[in-house]
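This report concerns only the one structure given below.
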Amino acid sequence: MRYLGLDLGSTTLGISISDTTNTIASIYKTIRFKKDEYHIPLEQLGTIIKENNITKIVLGLPKNMNNTIGERALITLDFKEKLENKYQIEVIMEDERLTSVISNNILIQADMSRKKRKKVVDGMASVIILQSYLDRINKERNN
């Protein structure tokens, strides 16, 4: 039983996966697709869910900085509904504000070139989304 972390963009889906103890998140892959063609990553997730025994998905919710829901968040909520209906799996929404900024900063500190950062930033953002969720639920269990 593992969890997936997802960072949905307009042309990419960053995917991370937990270890079997649901303690640590790692980059899994990034799915690239044409602008707004969300059916492509939706279809590809089926294989990933099945092959990795995924029991829960944590999807980043891109709220505005003032905590309101904008167009990107509405698209993400629609994607959540489609995921749940298609795969009968629980999808948890996790606030993802600043995850791309944090991801870029981590990669810059690792002295990664801009070209290489562009390839992994979505996966790294999905790791931050999933790891935030894992840390919170594990902390709650231990209290």
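What you see below is based on every heavy atom in this structure, not just the backbone, and it leaves out hydrogens, waters and symmetry mates. Quantities reported herein were computed from a predicted structural model and do not represent experimental measurements.
For R136, the salt bridge (charged side-chain N to carboxylate O under 4.0 Å, His left out) criterion is met by E94, not counting sequence neighbours. By the side chain to side chain contact (heavy atoms under 4.5 Å, CB included) test, K139 pairs with N143, sequence neighbours left out. The side chain to side chain contact (heavy atoms under 4.5 Å, CB included) test applied to T47 returns E51, not counting sequence neighbours. By the side chain to side chain contact (heavy atoms under 4.5 Å, CB included) test, D78 is found to be paired with K82, residues two or more places apart in sequence or in another chain being considered. With sequence neighbours excluded, the residues forming a side chain to side chain contact (heavy atoms under 4.5 Å, CB included) with S18 are R2, Y3, N22, L130, L134, listed by chain and number. Applying the side-chain hydrogen bond (donor to acceptor under 3.5 Å, both in side chains) test to T76 and every residue at least two apart in sequence or in another chain returns nothing. Listed by chain and number, the residues in a side-chain hydrogen bond (donor to acceptor under 3.5 Å, both in side chains) with S10 amount to none (sequence neighbours excluded). The side-chain hydrogen bond (donor to acceptor under 3.5 Å, both in side chains) search around D36 returns Y38, not counting sequence neighbours.
With values rounded to the nearest 0.5 angstrom, L83 atom CG is found 8.0 Å from I89 atom CD1. Rounding to the nearest 0.5 angstrom, the gap separating the CG atom in L74 from the CG atom in L61 is 9.0 Å. Taking CG of L42 as the start and CD of Q44 as the end, the distance is 10.0 Å to the nearest 0.5 Å. Rounding to the nearest 0.5 Å places CE of M93 at 4.0 Å from CG of L59. With rounding to the nearest 0.5 angstrom, the CD1 atom of I17 is 11.5 Å from the NZ atom of K29. A distance of 10.5 Å separates CD1 of I57 from CD1 of I92, quoted to the nearest 0.5 Å.
In terms of heavy atoms, I15 sits closest to L45 at CD1-CD2, 3.9 Å. Between R32 and T12, the shortest heavy-atom contact is NH1-CG2, 3.2 Å.
Of the possible donor and acceptor atoms, one in the side chain of N66 sits under 3.5 Å from a partner among the backbone N and O of T68. S16 places a side-chain N or O within 3.5 Å of a backbone atom of S126 that can act as its donor or acceptor partner.
Linking ILVMFWY side-chain heavy atoms closer than 4.5 Å, directly or via other members, places I31 and I49 in a single hydrophobic cluster. In the hydrophobic clustering of ILVMFWY residues, with side-chain heavy atoms under 4.5 Å counting as a link, I75 and I40 come out together.
Applying the salt bridge (Lys or Arg N to Asp or Glu O under 4.0 Å) rule to pairs touching residues 8-20 yields nothing, sequence neighbours excluded. Counting only residues at least two apart or in different chains, ring-ring contact (aromatic ring centres under 6.0 Å, His included) contacts with residues 58-92 are absent. Applying the salt bridge (Lys or Arg N to Asp or Glu O under 4.0 Å) definition to pairs two or more places apart or across chains, those involving residues 83-92 are E43-K86, K56-E90, K80-E84.
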